[in-house]
Engineer: 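Mind having a look at this structure? Questions to follow.
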Amino acid sequence: MSIYDTLNDKQKEAVFHTEGPLLILAGAGSGKTRVLTHRIAYLIEEKGVNPWNILAITFTNKAAAEMRERVDNLVGFGSERIWVSTFHSMCVRILRRHIALLGYDTNFTIYDTDDQKTLMRDVCKLLQIDTKIYKERMLIGTISHAKNEMLTPEEFRLQAGGDFHQKKIADVYEEYEKQLRANNALDFDDLLLKTVQLFQTQRDVLEYYQERFRYIMVDEYQDTNGVQFELVRLLASRYQNLCVVGDDDQSIYKFRGADIRNILDFEKVFTKAAVIKLEQNYRSTANILNAANAVISHNHGRKDKTLWTDNEDGDKIAFRQFDTAFDEAEYIVSDIKEHVEKGECDYQDNAILYRTNAQSRMFEEKFVTANIPYKIIGGINFYARREIKDILAYLKTVDNGQDDLAVRRIINVPKRGIGLTSINRVQEYAAMHEKGFYECLKGADLIPDIGRGVSKLESFVALIEHFKVDAKELTLHELMQEIIDETGYIESIQAESEIEAQARIENIDELLNKVVAYEEVCEEHDEPVTLSGFLEEVALVADIDNLDENSDYVVLMTLHSAKGLEFPRVYLAGMEDGLFPSYMTVTADDPDELEEERRLCYVGITRAQSELTMTCARRRMVRGETQYNKMSRFLKEVPLELISTGNKFSGSGKSLTDHADHEEPERKTDYQMARQAFKTKAFAAVQQGKSFGKPAGGKLEYGVGDRVRHIKFGEGTVLSIVEGGRDYEVTVNFDGPGTKKMFAAFAKLQKI
DNA sequence: GACTATAACATTTTT
DNA sequence: TGTTATAGTC
């Protein structure tokens, strides 16, 4: 009995087909990860391929880690030498070694979308672009697409021809590139593009990697874009052992430049390609799968395939329409609670999927008050938080002095009396002399009209230079701690807002933990701990990478983030025309956009293993105004016999809408009761100080006039205590720093 | 230069 | 609605 006996015929065929180009069309839940991992195992164990020669590219770090682990379990040894990584981290690894050949410094920084935006603002200011006409977002998007098509600014300009607008954008593109280079920075698209350019211009480098990666596998191939295709094509062009796995029905990143033709035309580009279809679904019940099939069948221009399953019918798909998004969230949360309490499932078996991140807020409130563990994936990325970006900007400045963006971010954070005028002076001076911002700071006394600002600038430079020395002597986490301490960052955020300070400090602690974790991983793998390495890891994490299967919480995320995952119980919330499919795509004249939304719906449905609930609301608040939505057209594409609207007040043979109308009066009372519960619960939470941070017991151990001690400010006398909604606001006259207002919950004052 | 009040924009999705 | 950029005031 071998490990391959558990595979079905098609899967075996895919595993055993190791030489030459291969396209695996793998429907949702058809076991494609199993095929990929077994294929790697087969290459190593049966074909004697050196693990060193295998490259597997996935979409997220999470998928990469999972694949490595599963290969590990199959082959035991040697798997750590396989390259399993995402496109972006693979490129960074290659670029760190060779980017000098393209005229960059090896410790380049990676700009995320926020940085891009800041940079674009600067560019627009410099070129005097009217951002009313040329929106920054649009400019970034256009440039990103150009990069995905591998167009240089010059080529873009040529293509623009006589078009005034396009020529203007070409100007912006050119300047944007210039600035990136001056900052020794690459944006996400550059990581791919520069790697391709490296391969195109450096024959020997390309040959080295072609020789190394004799067997290449690409997961989620339907979501690759132009550069990614070229990258893979270049790498595989020598040995042609390229195996791509994908599902055209799950292509949902067209807006980001993914080109579905990569998968549709695979056989045209690789003429000798074999094609294997995996059509048996192992994941979902027949009802769920049939619903998915029915929905996706409304799309045109698909690769021909029909997903089938041996699984039993299972429950019908539940559908519920509510009055408001509030009711919707209420229902879903209590439904989950009910199932868990009955012992039918754990929290982690449940996922709530929605179209837009904004929808998560409502659920979050409900979960907090219901005291149910939950995890929201996406939304505001951890690394996009202000305090994290600040600290990282310090690290970037220490690591790569050319990163002007980082320097300017922190030059007056915490406040050190360096204002806009000074910054602008330096900026002008730097632009005039074509020098870096930080470089100019070092010779600040040479800058005209800088006046009394000079001493402040000099002490800032001294601080950074001090950190640079530290960087050589201290470990990474010590350096970060040093930066936090020396800059007085914690005190500064405490001073501006006590309420937020606590969360921000927790985030900073979390960042410190991540540094330590990074150091440990490096140690394990016997790799050097570098600042650049940490910063790059930080730049390339997706929020989904933080999803932990071993923690018992309900998972909330967008449909996009859910791709590649599966859950026993899935809720698709906000199934409304105008929300999903989104208003943009409904009104767009391009029918392709609606098809992409439908594929998104297909992805959502096929995430469910055994139970699927779809919900919608008649009205919901969007951007401050109430929107009235009809239920999603996608819902109507699900055959009625697969749907249950059902429960106590369901009749039979009625249309979906009729049912929902009947439901309403009943729900109202439910809703009101729930609302009542919400209020009392929320209050209880305050009392316990659990979610809002009031001191346990609710009483303070000190009163007005008492002497207290604060961890940072030292000793002082309490002037007043004001009962706030959530906490006590305490005013203390400290002996040293003077009078401070703070909240009792995290001031942690001690009576003396 | 720092702080505050107002206006403007955003919401479709993100490696 | 909520955040963030800008203008205006101290």
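In what follows, chains carry the letters A, B, and so on, assigned in the order in which the sequence lines appear, proteins first and then strands, with residues in each chain numbered from 1. Since this is a predicted model, take the numbers as computed values, not measurements.
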Engineer: Indicate, with a heavy-atom threshold strictly under 4.0 Å, whether A/K456 touches base, sugar-phosphate, or nothing.
Structural biologist: nothing

Engineer: Could you go through the side-chain contact (heavy atoms from CB on, under 4.5 Å) check for A/M614 and A/M575 one step at a time?
Structural biologist: CA-CA 7 Å; A/M614 304 210 242; A/M575 298 294 296; 3.9 Å; yes

Engineer: Rounded to whole Å, please give me the gap between NZ in A/K117 and C1' in C/dT3.
Structural biologist: 10 Å

Engineer: Taking only the side-chain heavy atoms of A/R121 (C-beta and beyond), determine which of B/dA2, B/dA10, C/dA5 contains the nearest atom.
Structural biologist: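 The answer is C/dA5.
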
Engineer: To the nearest angstrom, how far is A/N61 atom CG from B/dT15 atom C1'?
Structural biologist: 9 Å

Engineer: Is a donor-acceptor pair below 3.5 Å formed from side chain A/R256 to base B/dT13, judging by atom type as modelled?
Structural biologist: no

Engineer: If you assign each of A/R623 and A/G419 to its closest nucleotide in DNA chain B, which residue comes earlier from the 5' end?
Structural biologist: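 Looking at the nearest nucleotide for each, A/G419 comes out on the 5' side.
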
Engineer: At 4.0 Å (heavy atoms only), tell me whether A/Y583 reaches a base, stays on the sugar-phosphate, or touches nothing.
Structural biologist: nothing

Engineer: Nearest whole Å is fine: how far is B/dA8 P from A/K135 NZ?
Structural biologist: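 Result: 12 Å.
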
Engineer: Does A/N357 reach a base, just sugar-phosphate, or nothing at all? Heavy atoms under 4.0 Å.
Structural biologist: sugar-phosphate

Engineer: Of all the nucleotides listed (B/dA10, B/dT14, B/dC9), which has the minimum atom distance to the side chain of A/Y253?
Structural biologist: B/dT14

Engineer: Taking CE from A/M362 and C1' from B/dT11, how many angstroms apart are they, rounded to a whole number?
Structural biologist: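 Between C1' of B/dT11 and CE of A/M362: 15 Å.
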
Engineer: Which part of the nucleic acid, if any, lies within reach of A/E597 when heavy atoms closer than 4.0 Å are counted: base, sugar-phosphate only, or nothing?
Structural biologist: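 If one applies the 4.0 Å heavy-atom cut-off, A/E597 turns out to touch a base.
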
Engineer: Is the shortest side-chain heavy-atom distance between A/T224 and A/V232 below 4.5 Å?
Structural biologist: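 SC-SC contact between A/T224 and A/V232 ruled out.
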
Engineer: Look at the aromatic rings of A/H88 and A/F188 and report parallel, tilted or perpendicular, splitting at 30° and 60°.
Structural biologist: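 Perpendicular: the ring planes of A/H88 and A/F188 meet at over 60°.
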
Engineer: Checking all strands, does A/T585 fall into the base, sugar-phosphate, or nothing category for heavy-atom contacts under 4.0 angstrom?
Structural biologist: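 Answer is nothing: A/T585 stays at 4.0 Å or more from every strand.
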
Engineer: More 5' along DNA chain B: A/M584 or A/K132, using each one's nearest nucleotide?
Structural biologist: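 Its nucleotide being nearer the 5' end, the pick is A/K132.
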
Engineer: Tell me: NZ of A/K194 to P of B/dT15, nearest whole Å?
Structural biologist: 22 Å

Engineer: Between A/D122 (CG) and C/dA5 (C1'), how many Å, whole number?
Structural biologist: 14 Å

Engineer: Examine B/dA2: is either OP1 or OP2 under 4.0 Å from a nitrogen or oxygen in the side chain of A/N412? Give yes or no.
Structural biologist: yes

Engineer: Going by side-chain hydrogen bond (donor to acceptor under 3.5 Å, both in side chains), name the pairs with one or both residues in residues 118-136 of chain A, residues two or more places apart or in two chains.
Structural biologist: A/D122-A/R408, A/Y134-A/H165

Engineer: Checking all strands, does A/K62 fall into the base, sugar-phosphate, or nothing category for heavy-atom contacts under 4.0 angstrom?
Structural biologist: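 Answer is nothing: A/K62 stays at 4.0 Å or more from every strand.
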
Engineer: Select one nucleotide: of B/dT15, B/dA10, B/dT14, the one nearest the side-chain heavy atoms of A/T558.
Structural biologist: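 Among the listed nucleotides, the one closest to the side chain of A/T558 is B/dT14.
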
Engineer: Counting any heavy atom closer than 4.0 Å, what does A/R361 reach on the DNA or RNA strands: base, sugar-phosphate only, or nothing?
Structural biologist: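 Sugar-phosphate only.
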
Engineer: Do the side-chain N or O atoms of A/K415 get closer than 4.0 angstrom to the phosphate oxygens (OP1, OP2) of B/dC3?
Structural biologist: yes

Engineer: Name the nucleic acid region contacted by A/S561, choosing base, sugar-phosphate or nothing; use a 4.0 angstrom heavy-atom cut-off, strictly under.
Structural biologist: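 Sugar-phosphate contact only - A/S561 comes under 4.0 Å of backbone atoms but never of a base.
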
Engineer: Tell me the interatomic distance from A/M557, atom CE, to B/dT15, atom P, rounded to whole angstroms.
Structural biologist: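 The answer, rounded to whole Å, is 13 Å.
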
Engineer: Start with the C-alpha distance between A/N546 and A/I377, add both sets of side-chain angles, then the distance that settles side-chain contact (heavy atoms from CB on, under 4.5 Å), and finish with yes or no.
Structural biologist: CA-CA 8 Å; A/N546 297 316; A/I377 306 284; 5.6 Å; no

Engineer: Tell me whether the NZ or CZ atom of A/K366 lies within the 45° cone about the ring axis of A/F326 and under 6.0 Å from its centre.
Structural biologist: yes

Engineer: Evaluate whether the aromatic ring of A/F87 and the six-membered ring of the B/dT15 base sit under 5.5 Å apart, centre to centre, with an inclination under 30°.
Structural biologist: no

Engineer: Parallel under 30°, tilted from 30 to 60°, perpendicular over 60°: which one fits the rings of A/W83 and A/F213?
Structural biologist: tilted

Engineer: Of the listed nucleotides (C/dA5, B/dC3, B/dT15), which one gets closest to any side-chain atom of A/A542?
Structural biologist: B/dT15

Engineer: Taking the side chain of A/M621 as its heavy atoms from C-beta onward, which of B/dC9, B/dT12, C/dT1 lies nearest to it?
Structural biologist: C/dT1

Engineer: Rounded to the Å, how far apart are A/R620 CZ and C/dT1 P?
Structural biologist: 16 Å

Engineer: Have a look at A/D223 and say if it touches a base, only the backbone sugar-phosphate, or nothing, with a 4.0 Å heavy-atom cut-off.
Structural biologist: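 Answer is nothing: A/D223 stays at 4.0 Å or more from every strand.
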
Engineer: When all nucleic acid strands are considered with a 4.0 Å heavy-atom cut-off, which category describes A/G624: base, sugar-phosphate, or nothing?
Structural biologist: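 Counting heavy atoms under 4.0 Å across all strands, the contact made by A/G624 includes a base.
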
